[in-house]
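Below: one structure, written as structure tokens.
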2 protein chains.
Amino acid sequence: MPTSSRPRYDRQSLTIVALDVFRQRGYDATSMEQLAAAAGISKAAIYHHVSGKEELLDAGLSMALDALEAVLGEEQATTGAPVDRVRHVMRRVVELEVELLAAVSVLLRARGNSAVERRALDRRRRFDRAVARLIAQAQSDGSLRDDIDPVIAARLAIGTATWLVEWYGTGGKLGVDALADAVVTMTFDGLAVRKR
Amino acid sequence: MPTSSRPRYDRQSLTIVALDVFRQRGYDATSMEQLAAAAGISKAAIYHHVSGKEELLDAGLSMALDALEAVLGEEQATTGAPVDRVRHVMRRVVELEVELLAAVSVLLRARGNSAVERRALDRRRRFDRAVARLIAQAQSDGSLRDDIDPVIAARLAIGTATWLVEWYGTGGKLGVDALADAVVTMTFDGLAVRKR
DNA sequence: ATGGAGCAACCGAACGTTCGGTCAGCTTAG
DNA sequence: CTAAGCTGACCGAACGTTCGGTTGCTCCAT
């Protein structure tokens, strides 16, 4: 069966392929040859769409960060009781992480070796701090415990959610709703059974 | 001031330097030249102690995994009520992660690109499964909630603890005991304040 | 309908640089 | 003195990128 046409990409579709390969191999361990093989085009063709490897990383990291930051602007994250806002943000983070698994996975492994990575790390820290402020508000109104520093609580909570990109999909059939439930339940109510 | 002597390394001390650089830059993004610069010796001198870059990675990953696995064999992890054993393991994991920060950080970023990394990932999965078995026991005797699958609970709990290597030490003066307390408290009791 | 022009996307070959590693010889600690 | 530890110069392979050229598709004039 002859191949009568060549695969066609644009910047966005190439970024999606790149993210999958970066997720599997790590950004630094992925060569442009490997990326080209995954896309089914030559290495040189990639440079028609992007100026270089880093532009693919930048595009992918932006996808993840744009989505996470947008959560903070949602109505349920900006109005209502602080504790409900924290819950909403946590659920949405889990949902987004499942939806943008590769992009978030690459994001959580950003190191700071380049300006692109450092910008992403800055945005991540700003996101963490915004969550910490929400948690601090919920602590102030007495709905969340205040014996854990809000910055630490935010980091632990976000870490719990974020780490799932490392194992989600590796077995079992847990849906995103059930997963978000588990994360929120453990984060807010803990694993221990209530003593009565 | 003349340098009248050259730094001297052995395999272990070189591994420690390597882990620090691997942690900062990522293993794949760390060149042997950068490693040599960090150690203050020439690149060629490294090969007197190790056969290659991967041997340094293997040594570092083994440090982390040996320590984690040893926790599972401790008396407080093998005897007593299952829920107490889970608590003990969580505390010890946090303590070890602080103590072996660079090694654990490199471990959690292992991808599977080489036999060394795949072995480490296998050992990580076995560790996770052992914790899941402990959690399942505590669920069976009613001390931990059983509406979250034990494998998922284990992954979430370990994820909470493990993620700390990404931010521990980046500000604040939280001691390891207080940190372990925060992790255990959130994992078992959650962030929400009890309703009465 | 057809063929030519134009274009975005693609190609193989080549580039300069960097990579992990090697080697003969030098240095230093015991 | 001796051997462990180290060095600068070097290696072939691979890296990300560039270059001049090709391809397949769409559009438009005839």
Side-chain angles (χ1 to χ4, degrees), chain A residues 1-61 106 109-111 113-117, chain B residues 1-61 106 109-111 113-117:
Chain A
M1 170 165 135
T3 300
S4 58
S5 65
R6 303 180 298 192
R8 304 290 247 185
Y9 285 95
D10 59 17
R11 189 170 178 278
Q12 174 71 5
S13 55
L14 196 50
T15 301
I16 301 300
V17 173
L19 284 173
D20 277 339
V21 185
F22 293 162
R23 183 192 180 213
Q24 285 171 51
R25 308 190 55 86
Y27 171 74
D28 295 305
T30 298
S31 68
M32 297 302 276
E33 194 69 65
Q34 285 160 341
L35 180 50
I41 58 174
S42 75
K43 186 164 63 161
I46 295 176
Y47 294 87
H48 179 81
H49 304 279
V50 293
S51 61
K53 191 180 181 188
E54 271 204 353
E55 190 179 327
L56 287 166
L57 179 64
D58 198 12
L61 296 179
V106 172
R109 285 163 179 270
R111 291 278 62 185
N113 290 336
S114 61
V116 166
E117 292 191 26
Chain B
M1 167 166 133
T3 300
S4 60
S5 65
R6 302 180 300 191
R8 304 293 241 183
Y9 285 95
D10 59 15
R11 189 172 178 277
Q12 174 70 6
S13 54
L14 197 50
T15 300
I16 302 301
V17 172
L19 284 173
D20 277 338
V21 185
F22 291 162
R23 181 190 182 213
Q24 284 170 50
R25 306 191 56 84
Y27 171 73
D28 294 307
T30 299
S31 68
M32 298 303 278
E33 197 68 63
Q34 284 160 344
L35 180 50
I41 56 176
S42 73
K43 184 170 61 160
I46 295 174
Y47 294 89
H48 179 83
H49 304 280
V50 293
S51 60
K53 190 182 183 186
E54 272 204 353
E55 188 179 329
L56 288 167
L57 180 64
D58 197 13
L61 296 177
V106 171
R109 288 166 176 269
R111 291 278 61 186
N113 292 335
S114 62
V116 166
E117 292 189 26

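Remember, predicted model here, so these are calculated numbers, not experimental data.
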Gap between atoms [atom1] and [atom2], on [X] and [N] respectively (whole Å):
| X | N | atom1 | atom2 | answer |
| --- | --- | --- | --- | --- |
| B:Asp10 | C:dA29 | CG | C1' | 15 Å |
| A:Arg11 | C:dC10 | CZ | P | 15 Å |
| A:Met32 | C:dT17 | CE | C1' | 16 Å |
| A:Leu14 | C:dA9 | CG | P | 11 Å |
| A:Glu33 | C:dC11 | CD | P | 11 Å |
| B:Asp28 | D:dG16 | CG | P | 11 Å |
| B:Leu57 | C:dG20 | CG | P | 13 Å |
| B:Gln34 | C:dC19 | CD | P | 6 Å |

For the student: nearest non-hydrogen atoms of B:Thr15 and B:Gly60, plus distance: CG2-N, 3.8 Å
Closest non-hydrogen atom pair, A:Pro7 against A:Ala39: CG-O, 4.3 Å
Atom pair OH/CD of A:Tyr27 and A:Glu54 - distance to nearest 0.5 Å: 4.5 Å
Sugar-phosphate only, base, or nothing, as touched by B:Thr30 at under 4.0 Å among non-hydrogen atoms: sugar-phosphate
Closest-nucleotide ordering on DNA chain C, the 5'-leading residue of B:Arg8 and B:Tyr27: B:Tyr27
Side chains of B:His49 and B:Gln12 in contact at under 4.5 Å (non-hydrogen atoms): no
Passing option when B:Leu56 is tested against B:Val17, B:Leu35, B:Val21, B:Ile16 for side-chain contact (heavy atoms from CB on, under 4.5 Å): B:Leu35
Stretch residues 39-49 of chain B: residues that reach within less than 4.0 Å of DNA chain D through a heavy atom: B:Ile41, B:Ser42, B:Ala44, B:Ala45, B:His48, B:His49
Under 3.5 Å: donor-acceptor pair, side chain of B:Glu117, backbone of B:Ala110: no
